[in-house]
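By convention in this document, chain letters (A, B, ...) are assigned in the order of the sequence lines, proteins followed by strands, and residues within each chain are numbered from 1.
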Amino acid sequence: MKLFLKASCIFAVSIFYSCKDQALAVAKIEGEEIQVTDTISSNAELDQFIAPYAEHINKEMSTTLAYAPKSLSKSDAKYNTAIGNMEADAVMEMLTPIFVSRMNDSLDVVLLNYGGIRASINKGDVTTKTAYNIMPFENEAVVVKLSGKTMQELFQYLAKNQTAHPLAGAQLILNADGSIQKSLIQKKPIDTNLTYYVATNDYLQLGGDHMDFLAKTDTVINMNYKLRNLFIDYFKKKDTIAPVRDQRFIKLEK
Amino acid sequence: MKRKTFIQNTTAAGILTGIGGLGLLSSSFKTARKHITILHTNDVHSHIQPFPVDDAKYPNLGGVSRRYTLIESIRKENPNTLLLDAGDIFQGTPFFNFYGGELEFKLMSKLKYDAATLGNHDFDNGIDGLNAQLPHANFSFISSNYNFTNTVLDGKVKDYQIFTKDGVKIGVFGLGIELDGLVSKKNYKETKYLNPVEIAQEMTKKLKQEEKCDLVICLSHLGYSYKHNKISDLKLAEQTKDIDLIIGGHTHTFLEKPTIVENMIGKKVLVNQTGWAGVNLGRIDFYLDEENNISADGIAIEV
């Protein structure tokens with residue numbers, strides 16, 4: 001055994017010397033994905049390091065901002081929903097004074113996207129966490145100036161998709177066959193000689209959800225107001241969050 | 001994970017099967033062989049804690065603290081380990097919203113990450129927000145195709161870095177995705193995006209031919225693949241040479257095993273990505289030998 005070991009050592013050394021000037025090259029590669037499951041124990045020191053950060057966040061997140069007497073979900077109804085109306089109305093209400101003071105003009109329409117309502121609002125306390133749940137992304141409110149003709153495209157988009165995208169400042173009524181029966185902006189028919197200000201978010205303005213009409217503009221005003229913060233401010237302003245479904249976007253039965 | 005051997009005609013395999021039982025040769029062979037382990041994550045997106053147990057997709061998976069335990073156990077097994085991240089460290093949980101990335105960088109430093117490249121979301125608090133967190137990071141940022149001249153990051157991000165482990169030279173360079181359209185200009189400011197394929201050719205020339213690196217790794221945030229023509233990790237692998245491994249990100253792609261791609265001179269490149277949120281840790285093991293111990297196309301890839 002001893003002799004064997006010695007022999008192998010000598011052999012190893014001789015290989016090493018004969019090859020020392022040789023470059024290294026890859027002989028074998030192995031690859032795998034290791035799932036991080038609860039069978040791997042966590043590290044106590046690291047957990048202790050994270051804890052104060054997590055506690056602070058939890059405390060902030062649980063701050064009560066308002067009260068919701070009913071649960072609100074985007075799947076509650078078709079064409080327009082209470083939660084979607086709340087989002088669009090909140091944008092209209094919170095953005096209007098800022099927009100008026102900055103542009104000396106009025107905001108006409110708000111359009112967000114159905115997919116952007118990321119969670120339901122549960123009955124009970126509305127907290128900071130509620131705002132993070134419904135809007136986890138960092139998107140900011142932007143206002144675009146659109147021609148009357150482009151506003152027609154906006155309505156055609158809604159008519160074609162028949163999705164309950166959050167809408168404010170406008171009304172769209174579809175016939176049973178899906179054609180447009182009535183489309184109004186601030187209670188008036190579209191005037192193709194006019195331009196309109198539409199509030200949305202930067203994601204949609206840049207082509208998200210294929211709302212391409214939002215890019216047909218030479219004026220994009222970034223309001224530097226994250227939608228999540230806007231909702232937090234809106235919840236703080238209100239005691240009760242009790243929006244309703246209404247007639248702003250509907251499809252007639254026959 | 002299931003492993004499958006694609007090619008196995010190395011000298012090593014030859015010796016072992018040819019003179020099997022003669023422990024003399026195989027043991028001496030082992031002493032010459034070098035073993036380098038590459039561990040990697042991508043798109044962790046501020047997921048510091050595991051997903052909730054009732055999460056629909058990733059119940060009770062991930063978590064930095066568990067990842068630490070896992071990495072430490074692998075380092076014990078092989079101290080010649082590199083730990084890399086392919087970007088989008090930021091954004092996705094309130095940890096980022098509240099602390100701006102401070103905790104992410106501090107924890108990655110505790111996990112002893114060696115380097116990371118930059119993802120588009122790492123600009124979410126602007127280039128100034130990213131710069132403000134850099135003092136919390138005890139690891140390198142590597143990006144070869146973002147030119148940061150005239151920005152606050154000028155001189156703070158490396159074009160490439162060479163790590164030496166057990167005498168093995170490992171060259172790492174980084175590629176970022178085109179920022180225009182993904183990140184608002186006010187966030188990335190004067191950062192210039194340069195063509196990733198051209199930069200990769202420059203970097204491999206530098207690392208392989210001039211610096212004589214034994215391994216070349218590309219940390220990429222280009223994305224795994226796209227339906228349209230956009231440059232991706234798979235395309236990059238095909239259009240370049242002298243890259244051994246592309247560690248990808250951005251598309252949050254879960255792979256069962258690393259993908260093998262033939263490069264422009266017919267050599268095999270590994271492309272890997274580990275999904276996102278720290279659900280998985282990628283592990284690639286390289287075994288290196290003196291060149292004359294390996295037959296022409298003798299790399300055995302077991303993935």
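- One distance of note links CD1 of Ile40(A) with OG of Ser65(B); it measures 10.5 Å at 0.5 Å rounding.
- For chain A, no part of Glu72(B) is nearby; none of its heavy atoms comes within less than 4.5 Å.
- Note that CG of Leu70(B) and OG of Ser42(A) are 13.0 Å apart. Values are rounded to the nearest 0.5 Å.
- Both the backbone and the side chain of Tyr53(A) have a heavy atom closer than 4.5 Å to some heavy atom of chain B.
- Only the side chain of Leu111(B) comes within contact range of chain A, with at least one heavy atom under 4.5 Å from a heavy atom of that chain.
- Listed by chain and number, the residues in a side-chain contact (heavy atoms from CB on, under 4.5 Å) with Glu55(A) are Ala51(A) (sequence neighbours excluded).
- Using a 4.5 Å cut-off between heavy atoms, Asn60(B) touches chain A through backbone and side chain atoms alike.
- Looking at Phe98(B), only its side chain comes within 4.5 Å of chain A, counting heavy atoms on both sides.
- Within 6.0 Å of CD on Glu77(B) lie more than 12 heavy atoms contributed by other residues, nucleotides or ligands.
- No side-chain heavy atom of Asp289(B) sits under 4.5 Å from any side-chain heavy atom of Leu24(A).
- Taking CD of Gln35(A) as the start and CZ of Arg66(B) as the end, the distance is 10.5 Å to the nearest 0.5 Å.
- Of all the heavy atoms in Val36(A) and Leu281(B), the pair that sits closest is CG2-N, 4.2 Å.
- Your options are Asp124(B), Thr274(B), Asn272(B), and the one with the most heavy-atom pairs under 4.5 Å with chain A is Asn272(B).
- No cation-pi contact links Lys106(B) to Phe49(A), judged by a cut-off of 6.0 Å to the six-membered ring centre and 45° from its axis.
- No side-chain heavy atom of Thr69(B) sits less than 4.5 Å from a side-chain heavy atom of Leu46(A).
- Taken to the nearest 0.5 Å, the CD1 atom of Ile34(A) stands 9.0 Å off from the CG atom of Asn280(B).
- Ranked by heavy-atom pairs under 4.5 Å with chain A, the first of Gly282(B), Gly62(B), Gly278(B) is Gly62(B).
- Shown here is Lys123(A), whose NZ atom has no more than 12 heavy atoms of other residues, nucleotides or ligands within 6.0 Å.
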Side-chain polar contacts of residues 179-186 of chain B - donor-acceptor pairs under 3.5 angstrom, sequence neighbours left out - could you list them?
from, atom 1, to, atom 2, distance (Å)
Lys185(B), NZ, Lys189(B), O, 2.9
Lys186(B), NZ, Glu140(A), OE1, 3.4

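- Contacts between Leu245(B) and chain A at a heavy-atom distance below 4.5 Å are absent for every atom of the residue.
- If you take CG on Leu270(B) and CD1 on Ile29(A), they are separated by 5.5 Å, rounding to the nearest 0.5 Å.
- Interface check for chain A: of the options Pro59(B), Pro258(B), Gly167(B), the most heavy-atom pairs under 4.5 Å are formed by Pro258(B).
- Between atom OG1 of residue Thr93(B) and atom OH of residue Tyr132(A) there is a gap of 9.5 Å, rounded to the nearest 0.5 Å.
- The interface of residues 215-228 of chain A with chain B, defined by heavy-atom distances below 4.5 Å, comprises Asn222(A), Asn224(A), Lys226(A), Arg228(A).
- Other residues, nucleotides and ligands contribute at most 12 non-hydrogen atoms within 6.0 Å of the NZ atom of Lys129(A).
- Annotation: residues 42-55 of chain B contacts chain A through Ile48(B), Gln49(B) [non-hydrogen atoms, separation under 4.5 Å].
- Residue Glu138(A) comes nearest to Gln91(B) through the heavy atom pair CG-NE2, 2.6 Å, listed as atom of the first residue, atom of the second, then distance.
- Residues Tyr99(B) and His56(A) are in side-chain contact: their nearest non-hydrogen atoms beyond the backbone lie under 4.5 Å apart.
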